[in-house]
Amino acid sequence: MGSHEDDRAILEEGLLQNESNGLYTGDGSVDFHGNPVLKQNTGNWKACPFILGNEGCERLAYYGISTNLVTYLTNKLHQGNVAAARNVTTWQGTCYLTPLIGAILADAYWGRYWTIAAFSTIYFIGMCTLTLSASVPALKPAECVGFMCPPASAAQYIVFFLGLYLIALGTGGIKPCVSSFGADQFDDSDPAERVKKGSFFNWFYFSINIGALISSSLLVWIQDNAGWGLGFGIPALFMGLAIISFFSGTKLYRFQKPGGSPITRMCQVLVASFRKRNLKVPGDSNLLYEVQDKSSAIEGSRKLEHSNELRCLDKAAVISDAELKSGDFSDPWRLCTVTQIEEFKILIRMFPIWATGIVFAAVYAQMSTLFVEQGTMLDKTIGSFQIPPASLSTFDVVSVIFWVPVYDRFIVPIARKLTGKERGFTEIQRMGIGLCISVFCMSAAAVVEIKRLSLARELDLVHKPEAVPLSILWQIPQYFLLGAAEVFTFIGQLEFFYDQSPDAMRSLCSALSLLTNALGNYLSSFILTIVTYLTTRNGQAGWIPDNLNEGHLDFFFWMLAGMSFLNLLVYIVCAKRYRPKKASS
């Protein structure tokens, strides 16, 4: 027995020496079998192509469904404009709500790798179900005859929405984990690798939009011209390729061990602080409880420095006389470490910044709903070619692909000289610029709609559900502005919620950033419902009738522009008050 213990001590000493020499990672990452990993053999950019390939294929599959979904609902399932828009935004909202499930499983139990693997399988089953619903004649309603469009049966709806919401569940394990898993491939303790991590987020978002570009152009055309069975089948195929790409890089990946349930740790802080509500918090924060080890008591997390905000939560770290006499500090429901309390404080400090992303997400939701419906009432002919309205979202993707390298290569160096900051702008500043651009995006959409309605009145098309002779290309500015807003806001959110989150809560914080998209879609659905109710009273056509020539979609766009402006003002106030986290070195 003694010899085994000696061997183990020698091995651990050797590993520590190798880590200090830079041979092993210093952030606690391990290989697939749970062993310490050599830097030169794992992670870094050599592992990223498999992760970026997975994300690109998965996003192609997702956008292959979502981009033209409103058209399928109106043309094939014969739903009205409002019902179709509501169903799309509700589903998209659910896609951004389920990541909370995947994030908790990843951070607490499974780790990011196995969470991605399990939920990708569910995702693929959903894609196949959706493809069947669009291919098998018995699973879809008959085609319209003139203006007579038979509604879908209950069974047809069940099969279709079963596939759709299996996809929503599948995204729950992928969205919050893939970006964090990719960032995990770079050692936080290595300055050289830490710089590369910033670049990873840009290329990660770039790969998302490569997949989206193919979906919004080629796949939309296939769906509108070659059939929906093939149009949904190709995304299903690419989802299969995404799974293959992910598993192919297994030997090269670095893995972070799950640190236990973040929800449990937050509940422990609340319970412990309530139990000690009558105790006084000492003026010296060094008297608050913290483990003496170099690392924190939470696996995979650095210690966090104490902050003077939300002092009521500090009561959870006050050592009572009874605990001091017994020397028993092992019950986290009675005594929490400073790091555990600071985790909770960080989430609370993030909340105002997080909340302002909801209105931006509501604006972004219009790209796949009302922007498409607006496009159906514009002239879609370019020479002898018919442009599918949903394919205009290509210009949003092109805008992102254009702005990412421009931002990285030109804007950041200029901003770095002006601000003196390593990244040019802080994540807070970057998101604020995106929120500002979103105001101009909705204003551009409103101006196009004003011109379209003016032509409809001039040509006596108000009561005719016909497109007006105004080129659909006039929608390009609103898509291009939306893409620019994405580059600033969404990538800024990726960086913010990874860098500012506690180490052991990164999947959860990524899920919270995605939750803004869910709530934005739900907000859009809610606004649509309220606007429809208020504007259709007394027999009025309303702002968004089935025949948009009779409505006032421009009023709706102006309303969103006004909401975006007010949201920007609130964001500026919240950003000035935000204090970044401080982790111990």
Side-chain angles (χ1 to χ4, degrees), residues 4 6-58 106-107 109-120 173-174 176-207 241-259 294-296 298-302 494-495 498-499 503-504 506-507 510 583 585:
H4 287 301
D6 292 342
D7 290 343
R8 182 176 178 181
I10 293 171
L11 176 61
E12 289 179 350
E13 184 179 351
L15 288 175
L16 290 173
Q17 184 177 359
N18 285 331
E19 183 178 307
S20 64
N21 291 337
L23 297 177
Y24 288 84
T25 57
D27 59 356
S29 55
V30 297
D31 64 13
F32 184 73
H33 300 289
N35 302 315
V37 289
L38 284 166
K39 285 186 180 182
Q40 64 180 4
N41 296 337
T42 60
N44 219 313
W45 283 114
K46 67 174 68 70
C48 288
F50 300 99
I51 298 171
L52 296 177
N54 167 269
E55 182 65 11
C57 290
E58 185 272 326
D107 280 341
Y109 307 110
W110 294 355
R112 287 186 258 279
Y113 176 86
W114 286 113
T115 303
I116 294 170
F119 281 80
S120 292
I174 298 175
C177 297
V178 174
S179 62
S180 297
F181 187 67
D184 288 344
Q185 306 309 309
F186 300 93
D187 186 359
D188 256 338
S189 67
D190 186 329
E193 290 197 18
R194 195 164 57 240
V195 171
K196 296 175 184 177
K197 184 180 292 188
S199 262
F200 169 77
F201 286 113
N202 284 327
W203 287 110
F204 178 81
Y205 206 76
F206 190 86
S207 68
L241 293 176
I243 295 173
I244 293 171
S245 175
F246 180 72
F247 282 121
S248 297
T250 298
K251 292 183 178 180
L252 296 174
Y253 294 149
R254 297 173 184 173
F255 302 82
Q256 292 287 344
K257 296 179 181 179
K294 182 178 180 181
S295 58
S296 76
I298 304 165
E299 188 168 8
S301 177
R302 294 168 292 176
L494 281 175
E495 290 183 299
Y498 187 88
D499 287 345
D503 293 344
R506 279 173 169 160
S507 294
S510 294
S585 56

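Predicted model, so just to flag it, every value in this text is computed and none were measured.
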Could you walk me through whether Gln185 and Asn44 pass the side-chain contact (heavy atoms from CB on, under 4.5 Å) test, one step at a time? CA-CA 5 Å; Gln185 306 309 309; Asn44 219 313; over 6 Å; no
Quick check against the 3.5 Å criterion: does Thr250 have a side-chain atom that pairs as donor or acceptor with the backbone of Phe247?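 Yes, Thr250 side chain to Phe247 backbone: donor-acceptor pair under 3.5 Å.
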Quick one: does Arg112's side chain have a donor or acceptor within less than 3.5 Å of a partner on Gly182's backbone?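 Checking the backbone N and O of Gly182 against the side chain of Arg112, no donor-acceptor pair under 3.5 Å is found.
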Got a salt bridge between Asp31 and Arg254, using NZ or NE/NH1/NH2 to carboxylate O under 4.0 Å?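 Arg254 and Asp31: not salt-bridged.
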Return the orientation label for the Tyr113 and Phe32 ring planes: parallel under 30°, perpendicular over 60°, tilted otherwise.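 Answer is perpendicular, since the angle exceeds 60°.
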Distance in Å, Thr115 OG1 paired with Phe181 CZ, rounded so as to fall on 0.5 Å steps: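 Taking OG1 in Thr115 and CZ in Phe181, the distance rounds to 10.5 Å.
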Aromatic contact between Trp114 and Tyr109, with the criterion being ring centroids under 6.0 Å apart: yes or no?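 Between Tyr109 and Trp114, which both carry aromatic rings, the centre distance is not below 6.0 Å.
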For the residue pair [X] and [Y], establish whether any side-chain heavy-atom pair is separated by less than 4.5 Å.
X	Y	answer
Tyr253	Thr42	no
Glu55	Phe204	yes
Pro258	Asp107	no

Would you please name every residue forming a side chain to side chain donor-acceptor pair (under 3.5 Å) with Ser248, sequence neighbours left out?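 Listed in chain order: nothing, the list is empty.
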Side chain to side chain donor-acceptor pair (under 3.5 Å) partners for Ser120, two or more places apart: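 Here no residue qualifies.
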What pair of heavy atoms forms the shortest contact from Leu494 to Ser179, and how long is it?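 It is CD2-OG, 4.0 Å.
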So which atom in Asn41 and which in Leu252 form the shortest heavy-atom distance, rounded to 0.1 Å?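 Closest heavy-atom pair between Asn41 and Leu252: O-CD2, 3.6 Å.
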Enumerate donor-acceptor pairs with a distance under 3.5 Å from any side-chain N or O in residues 46-54 to protein atoms, sequence neighbours excluded.
residue	atom	partner	partner atom	Å
Lys46	NZ	Gln40	O	3.2
Asn54	ND2	Ala242	O	2.8

Any chance you could lay out the side-chain contact (heavy atoms from CB on, under 4.5 Å) test for Phe200 and Tyr498, step after step, and finish with the verdict? CA-CA 12 Å; Phe200 169 77; Tyr498 187 88; over 6 Å; no
Working note: Ser510 + Ser180, criterion side-chain hydrogen bond (donor to acceptor under 3.5 Å, both in side chains); need CA distance, chi angles, decisive distance, verdict. CA-CA 8 Å; Ser510 294; Ser180 297; 3.1 Å; yes
